[in-house]
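If you read the sequence from its start, that first residue is 1, and numbering goes on from there. Basis for what follows: all heavy atoms, side chains included, without hydrogens, waters or symmetry-related copies.
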Amino acid sequence: MLAQLLSLLLFVFNADRMATLFVGAMCAVGTLNANAYGFPTLYAKIAVFFVATMWLILDQADRTGRDYPLTRVKYALVMVIVPLVLSASAPELSYFLYLRADVITSCCSTKFTPETEGIAAEMSGIGPAAALMRPAATGAAVAISGAVSHFFGRGGMVFFAAGAVFFIAALTAIVSVISGYIYEHPNHHCPFCVLKPEYGYFGYALYIPLFLGTAFALGAGALQPFRRIESLSATLPARLRRHGGAALVAYFVFGLVVLWTIYRSQLILFG
């Protein structure tokens, strides 16, 4: 499970570094577009990342119970996770096997633009106000449900749902408007160029707290149904509070990075 967490980071980092090998590629987008398996692999690895994180959180909680009450649940989940990992490994293997250096691929400027079709184009075409209002509204829901989960050890499933929705809204905002502040260019919407050294690897400051916050929020929701198990009753409420608190801290860091990005861009623009 830990290897799967690192695998996502290494896959994205490797895709960005390989961009120099393909004609037309400027960042990881061009590398992932080199064949039909790149982006499906990325989406599958993101799903595996969150599922593996939830399993690790369940496993950690199970080890605190004197009778290991979640053992059946954990290994039932393994039977679900293994096919998911294999389904991610198949396109990943195909992706690397069918990479061809003589292929002319497309760069991010042709994919993340409102003039094209697909999810990337739709995310790029959302107006700045709407794109920022969505994470603001869902962020309020995250803050409230996270505070309840942290201070009272309840509401984990609401926190779970709010965290998942906030993750999607935040990614949309990054593509639609936040990336433009980083690039200081209103028509550059790529969510991968922010990981490049010329932008100070700034994307890692955005993505790491966003992914960690979502992982802890999902973990708190995954633990919620087991609060009434007798052997976990002494430790699980405190664990829920810790996960809720960790998620809120990570989301708060993400929000600070976003605000700093906008503020810094305004300083540069107006001197």
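Residues Leu70 and Leu58 share a closest heavy-atom pair of CD1-O, 3.8 Å. Of all heavy-atom pairs between Val48 and Ala88, the closest is CG2-CB, 4.1 Å. For the pair Phe192 and Ala28, the tightest heavy-atom approach, listed with the atom from each and the gap, is CD2-CB, 3.8 Å.
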Would you mind writing out the side-chain donor-acceptor pairs for residues 159-167 within the sub-3.5 Å range, not counting sequence neighbours?
none

Listing, residues 210-217 side-chain donor-acceptor contacts under 3.5 Å, not counting sequence neighbours, or none:
| residue | atom | partner | partner atom | Å |
| --- | --- | --- | --- | --- |
| Thr214 | OG1 | Leu210 | O | 2.9 |
| Thr214 | OG1 | Tyr251 | OH | 3.1 |

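The main-chain N or O of Thr172 is never found under 3.5 Å from a side-chain atom of Ser176 such that the two would form a donor-acceptor pair. Within the 3.5 Å criterion, the main-chain N or O of Cys190 finds a donor-acceptor partner in the side chain of Tyr183. Remark: side-chain polar atoms of Tyr95 are not paired, donor with acceptor, to backbone N or O of Leu42 under 3.5 angstrom. The backbone N or O of Ile174 sits less than 3.5 Å from a side-chain atom of Ser179, completing a donor-acceptor pair. Under a 3.5 Å cut-off, the side chain of Ser87 and the backbone N or O of Leu84 do form a donor-acceptor pair. The main-chain N or O of Pro91 is found under 3.5 Å from a side-chain atom of Thr41 such that the two form a donor-acceptor pair.
Both Leu2 and Leu8 sit in one connected hydrophobic cluster of ILVMFWY residues. Membership requires side-chain heavy atoms under 4.5 Å apart, directly or through other members. Under the 4.5 Å side-chain heavy-atom criterion for Ile, Leu, Val, Met, Phe, Trp and Tyr, Ile104 and Met26 are members of distinct hydrophobic clusters. The hydrophobic cluster containing Leu86 also contains Tyr43, counting ILVMFWY residues as joined when their side-chain heavy atoms lie under 4.5 angstrom apart, directly or transitively. There is no path of hydrophobic side-chain contacts, each under 4.5 Å, that joins Tyr201 to Leu10. Val257 and Phe252 are members of different hydrophobic clusters when ILVMFWY side chains are connected at heavy-atom separations under 4.5 Å.
With rounding to the nearest 0.5 Å, the separation of CD1 in Ile81 from CE in Met1 is 4.0 Å. Taking CZ of Arg239 as the reference point, atom CG of Leu223 lies at 7.5 Å (rounded to 0.5 Å).
Between Val177 and Leu132 there is a side-chain heavy-atom pair separated by less than 4.5 Å. Residues Phe254 and Ile208 are not in side-chain contact: their nearest non-hydrogen atoms beyond the backbone lie 4.5 Å or more apart. Annotation: side chain of Tyr207 is not in contact with side chain of Val12 (no heavy-atom distance under 4.5 Å). Glu230 has its side chain within reach of Arg66: a pair of non-hydrogen atoms, C-beta onward, lies under 4.5 Å apart.
Qualifying salt bridge (charged side-chain N to carboxylate O under 4.0 Å, His left out) partners for Asp67, counting only residues two or more places apart in sequence or in other chains: none. In terms of the salt bridge (charged side-chain N to carboxylate O under 4.0 Å, His left out) criterion, Arg100 has no residue partners (sequence neighbours excluded). Residues passing the side chain to side chain donor-acceptor pair (under 3.5 Å) test with Asn33 are Ser106, sequence neighbours excluded.
Judged as a ring-ring contact (aromatic ring centres under 6.0 Å, His included), not a single pair has a partner in residues 53-91 (not counting sequence neighbours).
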